[in-house]
Amino acid sequence: MTDYNAMDDDAFRLMVRSWVVAHYPEDLRNPPKRLHWRDNKVWYHKLAEKGWLCPGWPAAHGGMGLDAGKQIVFMEECERHGVARTNDHGIIMVGPLLIQYGTEAQRAEFLPKILSGDHVWCQGYSEPNAGSDLASLRTAAVSDGDDWVVNGQKIWTTLANDANWIFLLVRTDPAAKKQEGISFLLVPMDSPGITVRPIVNIDLHDEFCEVFFDAVRVPKRWTVGAVNQGWTMAKNLLGFERIYLGSPKLSGYALSRLKLLAERMGVWDDAAFRDRYTGLSMEMADLKALHATFVDIVRRGLPLGPDVSMLKVIQTELFQKITDAMMDIAGENAGLLEPIEGNRNLHPAGQFIQARPSTIYGGSNEIQRNILARNVLALPA
Amino acid sequence: MSAAEDRSENIRLLRDSAAAIIPADYRRIRALRFTDPGFDRAVWQEMCDMGWAAVRVPEAQGGSGLGVAEYCALAEALGRGLVPEPFIGAVTAASVLSGAALAEAISGASVILPAWQERANTIDCAGDTTVSGGRANGRKMFIAQAGGADAFVVSGRDGVALVARDAAGVSLSIERTQDGGSFGTLTLDNAACTPLAGDMAAALEEASLATGAYLLGVMDRVFSMTLDYMRTRQQFGRAIGSFQALQHRAADLKIQVALTRASVEAAAVTLDTSQHPAVRQAAVSRAKARAAEAAMLVTRQCIQLHGGIGYTDEADAGLFLRKAMVLSSLHGGAALHRARYAAVAPDDDE
Ligand SMILES: Cc1cc2nc3c(=O)[nH]c(=O)nc-3n(C[C@H](O)[C@H](O)[C@H](O)COP(=O)(O)OP(=O)(O)OC[C@H]3O[C@@H](n4cnc5c(N)ncnc54)[C@H](O)[C@@H]3O)c2cc1C
């Protein structure tokens, strides 16, 4: 097997580029909305066959085992070609969770299924009354012999309408302090008692859902880690999520579209615009540098600290600043529902709307700032 | 009562009558989104019956003869309700109509909208269209709610003319907008037209300001809805409005709403009292630049303050964001109006 990490960065980049260009479906480049599984599974399977589905997983578990620098190169090349996000919860969350906390049997059962695309995962954390205050979640799992019996409701579950498995945070000890009575369960979506109701988002797309649990039986062997230890694991996973959400990828894509739009609107050579654009691209470069230091921590197997919250704040707000700039130069086109002249690359309104939720999900930016103030700066509560 | 007190009492009555026909919920607005023509002719009729289409038409010509302050008060009220009927367009068109066409326009018998713009990012009529000799040729863009028009007031290099929607040589293509309305592009290929007197410059100046006033209504309304949400939504055992980070955010948004109101109302007074073109333009540009920027800031922060529910189509906050996305740049965005302000405003130390 190729030792990618031993390759020269430029050679690795060219290898990734030529393969991506040769294999990525042309009609899926730069889609205006998040793709559903029916559309992106072709690409998921191509990556899987190539062994490139999970760049960050260790090679022993079927990943590429890339170091920080190579992961960034890989990401940049996908971004450069307009590669869309897949249904990647298994790749970025369940895999790392099981690699760190799962049993041998669980890894053997689930990792290959993620790698093959047989299992498509969604994330069941948030509830109607447990969003920012996630630890107050109420979906309950009650022990009954070899099973848990789950009752409750999750909400904002991204692409639950595509998924055949969900990873769930549930309350297993109602008497304990709220963070201490939570467990982590893996649940098949076709279990009797599960109902999925898609929610239309502001972009008029059925991207997230409500998921209802009515006496759903879940075998106990699908509990990850120790019972009532779910919160600690979830918090560690949030670190992975933040590093992902803090990846310069989204902003990089938007920045390249900003340039195309500026050319189209005739302001690319305008001094005020160019100053703004340059400021954004320099911030992007700084973000890449900071992001690389965190990716490196993960690669070395060290725990991520609460300071990873910075990445999420910078990335998402940079993304929003870029799309604000699009709106500012687009003139009346900023109000259009569809891309300008049918050109997907010129869709300021669509990009602006897509940038909205990034400061809400994955722990809102207000919550990230609370974490930075309390847990990093140790300011008094 | 003094004349000024009289006037503000009248404005209050106008606001009340506007509020009376605007439902408290947004069901009607939702039902009309992404339909053709995107507004309800019967509601437009009601608005015409109250004299709104004629708000700026002199009494001698059968209009209400009201001032810019009244026009803006109505626009703001309609903004609060996200009302999609083509109020500002119709008022603009009426400014150059007379006789039977004017009577039809202000009675609601026909919907006549202005077609003045030939490129993005502009507030003047300059372009290539011609309307002389009874024939119109050219192309006009960004005509809001054009699908519901019976006729257009078309500006040309050589005058202004009335063009019927169904005249030979007229074609109209429609693009949907984020708020559920539409922009029309009108192509005129030797279409028959009737010449009109005057030009739309003054009315377009007022339309920029009225759009700012509409945006003021949009931001003020969604801001108060969001404050209500902050008072009721509980996380960590408290109302989210009790978190100081969010309180400061809300205080900052309040400041922007207040600045916008001050700027829009001052500009209305200026248009009602000053004949000096530079003074008028500076006042309008200041107000529209502020309204455009503040509306985008307030509406997107209101989404953020709602959390996940703010990103659903079901939540009303999104309707306001998407309205602001359309109107912030219509009749000039913030950058355009800043540039014009810099060009026309008197020096600060004068
Ligand atoms: C597009 C999208 C996709 C999502 N996908 C998923 C998913 O797949 N799975 C999943 O489980 N969840 C998902 N979520 C849910 C997301 O994690 C929550 O929306 C988020 O945690 C915020 O919770 P909330 O919506 O209940 O907002 P609330 O917690 O009610 O927050 C409302 C506002 O109050 C602020 N606030 C709350 N507490 C504080 C505080 N202490 N200090 C300062 N400000 C505060 C928030 O920042 C926000 O601005 C998704 C959300 C979105 C928008």
Side-chain angles (χ1 to χ4, degrees), chain A residues 126 128-136 155-156 178 199-208 264-267 270 272-273 276 320 323-325 327-338 340-342 348-350 352-361 364-367 369-370 373, chain B residues 33-34 117 119-122 141-142 144 175-183 233-238 240 243 245-246 249 292-293 296-297 300-301 303-315 317-319 321-336 338-339:
Chain A
S126 305
N129 291 310
S132 295
D133 184 13
L134 182 59
S136 68
I155 195 167
W156 318 127
K178 64 181 186 178
I199 304 171
V200 177
N201 72 11
I202 200 171
D203 210 10
L204 306 176
H205 193 47
D206 59 342
E207 202 172 286
F208 48 27
R264 166 67 176 74
M265 297 307 300
V267 297
D270 174 82
F273 174 78
R276 187 173 184 183
Q320 293 188 342
T323 63
D324 288 349
M327 296 295 279
D328 288 347
I329 64 170
E332 291 76 357
N333 299 305
L336 293 178
L337 186 65
E338 302 291 341
I340 301 173
E341 289 143 15
F352 174 82
I353 286 194
Q354 284 207 338
R356 293 301 100 208
S358 64
T359 48
I360 297 171
Y361 59 57
S364 76
N365 285 26
E366 288 79 14
I367 295 301
R369 284 185 166 87
N370 285 346
Chain B
R33 289 191 304 162
F34 310 113
Q117 197 172 353
R119 58 184 174 85
N121 260 324
T122 184
M141 309 167 71
F142 305 118
E175 277 183 290
R176 296 232 185 265
T177 47
Q178 286 286 335
D179 57 351
S182 63
F183 284 148
R233 171 69 174 168
Q234 304 271 324
Q235 285 290 276
F236 304 99
R238 309 153 54 171
I240 58 170
F243 297 121
L246 301 193
R249 185 93 44 89
E293 227 160 50
M296 289 304 285
L297 176 74
R300 67 184 189 231
Q301 283 297 341
I303 302 292
Q304 179 71 21
L305 290 165
H306 274 81
I309 190 96
Y311 197 63
T312 63
D313 187 58
E314 200 178 313
L319 300 176
L321 174 79
R322 300 176 93 196
K323 182 61 86 180
M325 289 170 70
V326 177
L327 291 187
S328 287
S329 54
L330 204 59
H331 294 286
L336 184 152
R338 278 196 298 266

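The sequence lines fix the lettering, A, B, ..., with proteins before strands; numbering per chain opens at 1. Owing to the predicted nature of the structure, the values given are computational and were not obtained by experimental measurement.
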Chain B contact via [X] - side chain, backbone, both or neither, heavy atoms under 4.5 Å:
X: D324(A); value: side chain
X: S136(A); value: neither
X: I367(A); value: side chain
X: I353(A); value: both
X: F208(A); value: side chain
X: I199(A); value: side chain
X: P128(A); value: backbone

Side chain, backbone, both or neither of [X] within contact of chain A (heavy atoms, under 4.5 Å):
X: L246(B); value: side chain
X: M296(B); value: side chain
X: F243(B); value: neither
X: E293(B); value: neither
X: F236(B); value: both
X: T122(B); value: backbone
X: L321(B); value: side chain

Pick from [options] with the largest number of heavy-atom pairs that fall under 4.5 Å of chain B:
options: I155(A), N333(A), N370(A); value: N333(A)
options: S364(A), G131(A), P348(A); value: G131(A)
options: G331(A), P357(A), A135(A); value: P357(A)

* To do: Could you tell me which of G318(B), G308(B), G333(B), A120(B) has the largest number of non-hydrogen atom pairs under 4.5 Å with chain A?
  => G308(B)

